[in-house]
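Note that the numbering runs from 1 along the sequence shown for the chain. Side chains are part of it too, since the values below use all heavy atoms of this structure and drop only hydrogens, waters and symmetry mates.
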Amino acid sequence: MTIVWGIHNDKIPASQLVDGGFVSLGWDELGDLRHLGDDQVRMKEAVTAAYPSAKTGAIPGLAGYLRRFAFDVAIGDLVVAPSKQQPVYNIGRVTGDYEFRAEAALHRHRRPVEWLVIDAPREAFSQSARYEMGSSISFFQVANHAEEFVQAVEKGVPSIESDNGAGQVRYGLLQRTALEVLRDHDPRRRREVIDEIAARLELNEAELQRTKGGQPRYEPAITFGSTDMRAAGWIDKTEDGWTITDAGRRVLDTTPATTDLSRISSAAYREMQAAKRATEGRFKTARYPLIDSAVKLIGEGQWITYGDIAAVVGANAPSVGEYVHNETVGLDGHHRVVPAGQPPYRPEWRAALEAEGVEFDDRGLPDVRRRVTAEDLREEMDLLGLLPTVPRRAWLVRGNSINGKDLVPGWLDGGRVSLAATNLRAVDGGISRDDLKPIVDEDYAHASYDVKGEKLDEFHAFLTRMQDGDLVVTVDQGRLYVGTLAGETRYQQSSGGDSNLVRDVDWVDSDGIAYADLPPELAAKLKVQRDVVDLTQQRDTIEGLLDTEIEQVPPPRVEKVVLNPATPDLSAELHVSQAWLQECIDLLNDRPQLIFYGPPGTGKTYLAQAIAKHVAGENVRLVQFHPAYSYEDFFEGYRPTEEGGFKLKPGPLRKVVSQARENPRDAHVLIIDEINRGNLAKVFGELYFLLEYRKDNVELLYADEEFNLPENVFIIGTMNTADRSIALVDAAMRRRFAFLPLHPSEDPTNGILRSWMKEQNLPSHVADLHDELNRRIEDSDFKIGPSYFMRKAVHEGNGLERTWRTSILPLLEEHHFGELDGKQVAARYGLAAVQAAVAQADVAAADTGDVSDALSDAH
């Protein structure tokens, strides 16, 4: 059988590959691969040496496909190259051995090819074949649909019926016609624009097809495009309706009718949103442009939840909510995105939905008939090609405890996975969610509503969403097994009802991968207790594991974020030693929770903030605990709204975690000031467990999800020992945090004030006073920290006397309450008494040459 290879080329246009008669790969710094030979170990070593900044987990896969490209591909094999410029495939036959073209500007690793099929429409091939070709790997063997491409070469490309545009929504034409309508009748209400477009155009089948929300598809397409046209400056939206601008008139006058205006306007929208996101450093991952597109697709009079958008774009619900309502980002239609099972957070957002015709019930919830579900959104984004990560998904299917049986060994031997579906009637694969729901409701009428909802999700995923070519994993006896789905779903009645729904799988021939070797984020996701779990967000990690298993090399160990080391500049800025700062950072690297404790004024909070900024940049949040602080304040909880309802509001820890998940390679720090003033068991709740066991999941109090604490989240706390509450910190807390003391008479605090005064060109006299004051205070937890004196105002005019009188003495009076009165405190600790002792020591030092001995004698 002919071997077929797939290759993705993102640098050289398809036309140049065809004209030049070759296919190519990049990574040119490796040089000619022939000197390495057909040796995976040497190839990995060469990749590591040439690309030292490459992720460890990516190296085996990269080395594998470079080696296959150079040595496994045989003359006569077929190669399929998807075009990046248009939705077509080029298919050719390899005609020569591997070559390294040193003279080429880029992509010097090449194989000569005789192109046999040029510009074959992707739609001519099956959906599952297109899924397989959508692999994120640059070079791969086409395993499941090779015969389709062989047949295209031998018998010709299957014809696709021409319908003169009937098979797609003509976004560019709809936008051009909208501008023409506004040019002729300005302004116009949105409804009037839509109706006029329908009157002027002969709408095709795709444009007249109704969405699950009941609208003909051309209507939301016009609304979708209006957002882009507004970003391009072609139209404005006012209280009177839509109106065309001078720029919009120029576009009509200067662009040919064949120009697709939607490409120009959508590019303008993307640039505008990218500029807005650039002002918000949190919103910098690839998921946020997908959220932009998702919100644009929710038409007037419709609504969707944060969670539904999150499920489609691969984000999490709190991140979606925070982003869509961000005033800087300014998304049109953001009021149509609401929390699940809750009223809109602000009354003006509800009013905007009501103005669009959405009704609300007595609980303040919007009409469910106007809801756009996750599946509706996914379908629409798929049709528009907005989901680049969707073509190949990844799934976990559990089988190690089904009706008391371990099915996994049989799966591995028989090449399959299955779901029990014990009460489900025979259903066909590909069934829609809407059609499946009443079947599940009837067949599982005895089950609770939440069980029925979970079953619906799992059955629909297994029957419809899981596609031929998707990755699938399962777990058994502490090991992970990886494979590829290789067939459609079939229903077969099984004895005991433990495997009625079945799909074929090509399992990788291996002994599996031990849990200890898995990346932490994947290991945590595998602990979600459902029979079917969407792992598409971990797809790249799983593909890397699949590659290493095929190559029979150990799986990569993904290392957690390593914090930036301490620097001389940081040491100079903070007036503490670089070695001490490095110890702080080492402690965080080892155990990501650290507490600074000591008396007031020792710089605990200042040092925590400075170290956090050094290791995490702007990814730092600060919160201060107090006796009334609760779990709802710290993590999430329901809060009353102005209109009388309640909303689930994220707290600082939830926000930090959301940002950390969006940016897994960056450190994120939460500073908890005065951590011991809160009721820690009450504030942390079930999250207490995660401080020690980050790879495990816990069920949250207010959300139906399993949650874990990412390893790139670091916590720095501060404790004030003067109030004695540190003694109340229990052993569990001490076990979960590393503790570092900051006492005025010990390193590093004892040298901070003198170092600062030297930098400020101030005499050291105040530092001598500070040292003498602390010598007189017997209790180390009540010694005075240097920060009281590290302000320029203290060293100007009568600033020192004022600081001593209003800040220092009140602390010591409180310390000696009931023991010494004010006069006695002043006599022992007052500025005059301390100055006299220092002066006496100075005189003695002139004779002895040793100030410290003189001060001791002065007592």
Original post:
Which pair of heavy atoms, one from D534 and one from A394, lies closest together, and at what distance?
Top reply: OD1-O, 3.4 Å
Original post:
Between the side chain of T464 and the main-chain N/O of I431, is any donor-acceptor distance below 3.5 Å?
Top reply: yes
**OP:** Would you mind checking if E207 and R170 are paired as a salt bridge, meaning a charged N to carboxylate O distance below 4.0 Å?
**Re:** yes
Original post:
Would you call R250-D246 a salt bridge at under 4.0 Å N-O?
Top reply: no
Subject >> Test item: Q342 and Y306 side chains (from C-beta on) under 4.5 Å apart, heavy atoms >> reply: no
Original post:
Should T227 and K237 be marked as a side chain to side chain contact (heavy atoms under 4.5 Å, CB included) after you check the CA-CA gap, both sets of side-chain angles, and the distance that decides it?
Top reply: CA-CA 10 Å; T227 303; K237 295 181 179 180; 4.2 Å; yes
**OP:** Measure the spacing between CZ of R621 and NE2 of H668 and express it to the nearest 0.5 Å.
**Re:** 10.5 Å
**OP:** Could you pull out all residues at least two apart from D428 that satisfy side-chain hydrogen bond (donor to acceptor under 3.5 Å, both in side chains)?
**Re:** none
**OP:** Grab the two heavy atoms, one from D367 and one from W303, that are nearest each other, plus how far apart they are.
**Re:** O-NE1, 2.8 Å
**OP:** Answer yes or no: is there a side-chain heavy-atom contact under 4.5 Å between R503 and V397?
**Re:** no
**OP:** Show the numbers, then the answer: is there a side chain to side chain contact (heavy atoms under 4.5 Å, CB included) between L201 and L174?
**Re:** CA-CA 9 Å; L201 290 179; L174 292 173; 3.9 Å; yes
Subject >> Candidate pair K276 and M272, rule side chain to side chain contact (heavy atoms under 4.5 Å, CB included), full reasoning >> reply: CA-CA 6 Å; K276 290 180 178 180; M272 179 188 73; 4.2 Å; yes
**OP:** Answer whether the closest heavy-atom distance between the side chains of E219 and T223 falls below 4.5 Å.
**Re:** no
Original post:
Where do T238 and D240 land on the side-chain hydrogen bond (donor to acceptor under 3.5 Å, both in side chains) test, with the steps shown first?
Top reply: CA-CA 5 Å; T238 68; D240 296 326; 4.6 Å; no
Original post:
Sub-3.5 Å donor-acceptor pair from the side chain of D470 to the main-chain atoms of L485, do we have one?
Top reply: no
**OP:** Give, for atom CZ of R465 and atom CG of D457, the distance between the pair rounded to the nearest 0.5 Å.
**Re:** 8.5 Å
Original post:
Rounded to the nearest 0.5 Å, how far apart are CG of L424 and CD of E442?
Top reply: 11.0 Å
Original post:
Is there a donor-acceptor pair closer than 3.5 Å between any side-chain N or O of T489 and the backbone N or O of L501?
Top reply: no
Original post:
Is E356 paired with R336 through a side-chain N to carboxylate O contact shorter than 4.0 Å?
Top reply: yes
Original post:
Looking at side-chain heavy atoms only, is the closest gap between P650 and E322 below 4.5 Å?
Top reply: no
**OP:** Nearest 0.5 Å please: distance from the OH atom of Y218 over to the CG atom of L203.
**Re:** 6.0 Å
Subject >> F459 side chain reached by I439 side chain, heavy atoms, under 4.5 Å >> reply: no
Subject >> Between D186 and T243, a side-chain donor and acceptor under 3.5 Å >> reply: yes
**OP:** Name the orientation class of the two ring planes belonging to W349 and H334 (parallel below 30°, tilted from 30 to 60°, perpendicular beyond 60°).
**Re:** perpendicular
Original post:
For residues 254-269, which residue pairs qualify under salt bridge (charged side-chain N to carboxylate O under 4.0 Å, His left out), counting only residues two or more places apart or in two chains?
Top reply: D260-R263
**OP:** Specify the closest pair of heavy atoms between F224 and S293, including all atoms of both residues, with the distance to one decimal.
**Re:** CE1-O, 3.8 Å
Subject >> Exam field: side chain T245 to backbone G248, donor-acceptor pair closer than 3.5 Å >> reply: yes
**OP:** Give a yes or no on this: more than 12 heavy atoms of other residues, nucleotides or ligands lie within 6.0 Å of atom CD of E327.
**Re:** no
**OP:** Can you see which heavy atom on I304 is nearest to which on T373, and at what distance?
**Re:** CD1-O, 4.4 Å
Original post:
Thinking salt bridges, do R191 and D195 make one under a 4.0 Å N-O criterion?
Top reply: yes
**OP:** Decide yes or no on side chain to side chain contact (heavy atoms under 4.5 Å, CB included) for V337 and I291, but give the supporting numbers first.
**Re:** CA-CA 11 Å; V337 188; I291 298 175; over 6 Å; no
Original post:
Is a side-chain N or O of E202 found less than 3.5 angstrom from the main chain of A199, in a donor-acceptor match?
Top reply: no
Subject >> Check: I197 main-chain N/O paired with T177 side-chain donor or acceptor under 3.5 Å >> reply: no
Original post:
If you measure from the Lys or Arg side-chain nitrogens to the Asp or Glu carboxylate oxygens, is any gap between R371 and D308 under 4.0 Å?
Top reply: yes
Original post:
Near E359 CD, under 6.0 Å, is it more than 12 heavy atoms from other residues, nucleotides or ligands?
Top reply: no
**OP:** Enter the distance from K649:NZ to R639:CZ here, rounded to the nearest 0.5 Å.
**Re:** 7.5 Å
Original post:
Considering all heavy atoms of both residues, which atom of V358 and which atom of Q302 are nearest to each other, and what is their separation?
Top reply: CG2-N, 4.4 Å
Original post:
Do the charged groups of R200 and D184 touch, with an N to O distance under 4.0 Å?
Top reply: yes
Subject >> Test item: Y89 and R122 side chains (from C-beta on) under 4.5 Å apart, heavy atoms >> reply: yes
Original post:
Salt bridge between E196 and R188, side-chain N to carboxylate O under 4.0 Å?
Top reply: no
**OP:** Quick one: sort the F707 and F635 rings into parallel, tilted or perpendicular, breaks at 30° and 60°.
**Re:** perpendicular
Original post:
Do T259 and R176 come within less than 4.5 Å of each other through their side chains, counting heavy atoms only?
Top reply: yes
Original post:
So how far is it from L365 CG to R350 CZ, rounded to the nearest 0.5 Å?
Top reply: 9.0 Å
**OP:** Mark yes when over 12 heavy atoms from residues, nucleotides or ligands other than K437 sit less than 6.0 Å from its NZ; otherwise mark no.
**Re:** no
Original post:
Looking only at heavy atoms, which two atoms of A232 and S265 are closest? And how far apart?
Top reply: CB-CA, 4.1 Å
Original post:
Where the side chain of T305 meets the backbone of P339, is there a donor-acceptor pair that is under 3.5 Å apart?
Top reply: no
Subject >> Student check: side-chain heavy atoms of D228 and S262 closer than 4.5 Å >> reply: no
